[in-house]
Amino acid sequence: MAMDRHDKEKEMASVLLSSLYGNVISSAQIRLGFLLLLEAVDDLAVDIPAVVDVLALFIARAVVDDILPPAFLSKAKVSLSESSKGFQVVQIAEKSYLSAPHHAELIEQRWGGSTHITVEEVKKRIADLLKEYIKNGDTAEACRCIRELAVPFFHHEVVKRALTLGMESPTAEALIVKLLKEASEECLISSSQMMKGFSRVSESLDDLILDIPSAKSEFQLLVSKAISEGWLDSSYVRSGANGSVEDDEHEKLARYKREAVSIIHEYFLSDDTTEVIRSLKELGYPEYNPIFVKKLITIALDRKNREKEMASVLLSSLSMELFSTEDIAQGFIMLLESAEDTALDILDASDELGLFLARAVIDDVLAPLNLDEISSKLPPDCSGAETLNMARSLASARHAGERLLRCWGGGTGWAVEDAKDKITKLLEEYESGGDVGEACNCIRELGMSFFNHEVVKKALVMAMEKKNERTLTLLQECFGEGIITINQMTKGFSRVRDGLDDLALDIPDAKEKFLSYVEHAKKSGWLLPSFGFASAA
């Protein structure tokens with residue numbers, strides 16, 4: 001349709017394809033779609049005389065926008081007759097457009113271009129920030145730069161370029177893994193963008209091995225590491241796996257790890273142990289309790305004394321209400337087994353982990369006897385044994401209780417009220433006539449994607465109270481731009497559902513309104529069809 005219209009529509013078609021790529025239309029479907037067009041060029045030429053040149057430009061633009069791999073051109077030629085117009089299209093795309101100097105810029109501007117930052121400019125910024133990161137190793141600064149790009153739909157380019165850098169330089173690989181893992185755990189790079197980045201590298205491996213002979217084996221090692229550490233969804237390798245049961249288990253574990261990280265981040269913000277216990281009960285999977293212990297302490301190790309103190313307080317609460325001694329002991333075993341790797345990123349990890357163990361004994365989370373049991377389960381020559389000995393010494397020293405209870409200064413945690421106030425103000429401003437784009441920017445600038453369920457909850461309650469569904473439009477926009485994920489959307493709806501009885505005291509028709517919001521959200525794709533509202537019925 002676009003080929004038979006003006007340049008404006010052609011540009012819009014290219015932008016739309018780029019937006020749909022990965023999340024809605026897979027790379028395989030994109031390739032198949034273009035192949036179907038190439039096969040139909042002779043027929044299309046009857047109605048669209050310039051079809052050969054226009055389709056060549058569409059294909060060149062798709063390569064520049066990274067939704068078609070360059071290898072598509074050579075593979076397409078094999079399936080086309082040399083006398084066909086489709087073959088001519090590929091030749092023109094290859095020789096006239098993609099071989100020209102500054103071709104990317106020329107192709108992007110051929111139909112008038114966009115008022116937004118070009119793909120090529122974003123790629124340059126990504127390349128620059130990654131090079132800078134390899135020099136200084138500052139993960140926090142690199143994540144800040146990625147966030148400031150404000151192109152969450154193009155984070156697959158970050159993943160692709162980072163992985164390529166990691167494969168090119170063995171010294172850079174550890175830094176790249178650290179960055180991508182951090183970006184995933186901080187919810188900066190979404191699961192779908194991570195998978196898309198890996199897929200793009202996989203598709204270009206044949207080209208990469210020309211410069212990096214070990215590219216295929218290096219890439220497989222990175223895939224295995226990413227899946228085992230939980231920052232690449234195991235469904236990435238689903239098609240090549242040898243057992244659906246094992247796949248399901250990997251997927252379940254990866255999902256649990258993501259949820260656990262989100263719960264921990266929110267706890268460090270709110271200091272609300274009750275909410276953590278409620279969230280873990282709702283999440284289920286008690287067999288993964290040791291993994292939660294490991295995640296909690298690993299994240300706290302890389303933070304300030306406040307978070308370390310909060311982690312110890314949370315462990316104490318969990319041991320009383322939810323976790324068994326075996327769960328916590330197993331979590332520490334996992335930490336001690338990986339202590340050597342952790343020390344590569346956190347220099348004082350061994351000493352701090354010793355403090356966590358000793359503090360667990362003082363808090364009666366673990367008994368002194370449990371330290372012996374942990375020791376017996378560690379592999380021979382495990383570097384964690386030294387940490388365990390240090391913990392024994394600390395816990396048995398004179399005045400150990402008083403010293404260990406104050407080892408991180410005691411924790412109070414700052415209230416989540418500041419964040420809630422900001423959310424309330426931005427929603428009130430938007431509801432009273434504010435701009436939807438500005439409201440989205442404010443939510444993005446909060447920098448707390450793990451707390452976006454609060455935005456959802458307050459927006460729904462405000463819609464009920466004001467009898468004005470303008471805030472639903474904001475939720476639609478936030479979901480469409482990827483600011484609020486379906487998980488955060490579901491959590492926000494769940495919180496409103498759970499509080500409907502109280503809301504009904506002030507808003508008599510709260511339940512009816514909520515049911516209509518749920519139906520609207522399901523139709524719009526914000527909520528999964530399986531979302532239940534029996535308690536609201």
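Keep in mind that this is a model prediction, so the values were computed, not measured.
- In summary, E481 and R444 engage in a salt bridge, as defined by a charged side-chain N under 4.0 Å from a carboxylate O.
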Open item on the list: I'd like to know whether K511 forms a side chain to side chain contact (heavy atoms under 4.5 Å, CB included) with D501, so could you lay out the CA-CA distance, the side-chain angles of the two residues, the decisive distance to 0.1 Å, and finally the verdict.
Closed with: CA-CA 8 Å; K511 291 185 179 181; D501 289 337; 3.3 Å; yes

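- Taking the six-membered ring where tryptophan is involved, the planes of H156 and F154 are perpendicular, since the angle between them exceeds 60° and thus also 30°.
- Side-chain contact annotation: W526 with Q476, donor-acceptor N/O pair under 3.5 Å present.
- Partners of F219 under the ring pair (Phe, Tyr, Trp, His ring centres under 6.0 Å) rule, at least two apart in sequence or in another chain, are F198.
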Task: Verdict with supporting geometry, N289 and L318, side chain to side chain contact (heavy atoms under 4.5 Å, CB included) - done: CA-CA 10 Å; N289 287 348; L318 289 170; over 6 Å; no

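- In summary, K257 and E185 do not engage in a salt bridge, as defined by a charged side-chain N under 4.0 Å from a carboxylate O.
- Here the straight-line distance linking atom NZ of K522 with atom CZ of F493 works out to 10.0 Å at 0.5 Å rounding.
- Judged purely by distance below 3.5 Å, without hydrogens or angles, the side chains of D327 and S324 pair a donor atom with an acceptor atom.
- Between R255 and D233 there is no salt bridge, since no side-chain nitrogen of the basic residue lies less than 4.0 Å from a carboxylate oxygen of the acidic one.
- Separation of atoms CG (L301) and CG (L353) is listed at 6.0 Å; rounding is to 0.5 Å.
- Note on E275 versus R278: salt bridge recorded, some NZ/NE/NH1/NH2 to OD/OE distance being below 4.0 Å.
- Within the model, atoms OH of Y430 and CD of E438 stand 12.5 Å from one another, a figure rounded to the nearest 0.5 Å.
- Looking at D421 and K425, no side-chain N of the basic residue comes within less than 4.0 Å of a carboxylate O on the acidic one, giving no salt bridge.
- Every residue two or more places apart in sequence or in another chain was checked for a ring pair (Phe, Tyr, Trp, His ring centres under 6.0 Å) with Y517, and none qualifies.
- Classified by interplanar angle (parallel below 30°, tilted 30° to 60°, perpendicular above 60°), the ring pair F323/F292 is perpendicular.
- Heavy-atom neighbours of E429 CD from other residues, nucleotides or ligands within 6.0 Å: at or below the threshold of 12.
- Summarising the geometry, atom NE2 belonging to H453 is positioned 5.5 Å from atom CZ belonging to R495; distances are rounded to the nearest 0.5 Å.
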Using distance only, find each side-chain donor-acceptor pair of residues 203-213 under 3.5 Å and give its atom names and separation, not counting sequence neighbours.
from, atom 1, to, atom 2, distance (Å)
E203, OE2, S27, OG, 2.6
E203, OE2, R31, NH1, 3.4
S204, OG, R200, O, 3.2
S204, OG, V201, O, 3.1

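- With salt bridges taken as basic N to acidic carboxylate O contacts below 4.0 Å, one links R161 and E157.
- With respect to the salt-bridge test (charged N to carboxylate O, under 4.0 angstrom), the residues R359 and E309 qualify.
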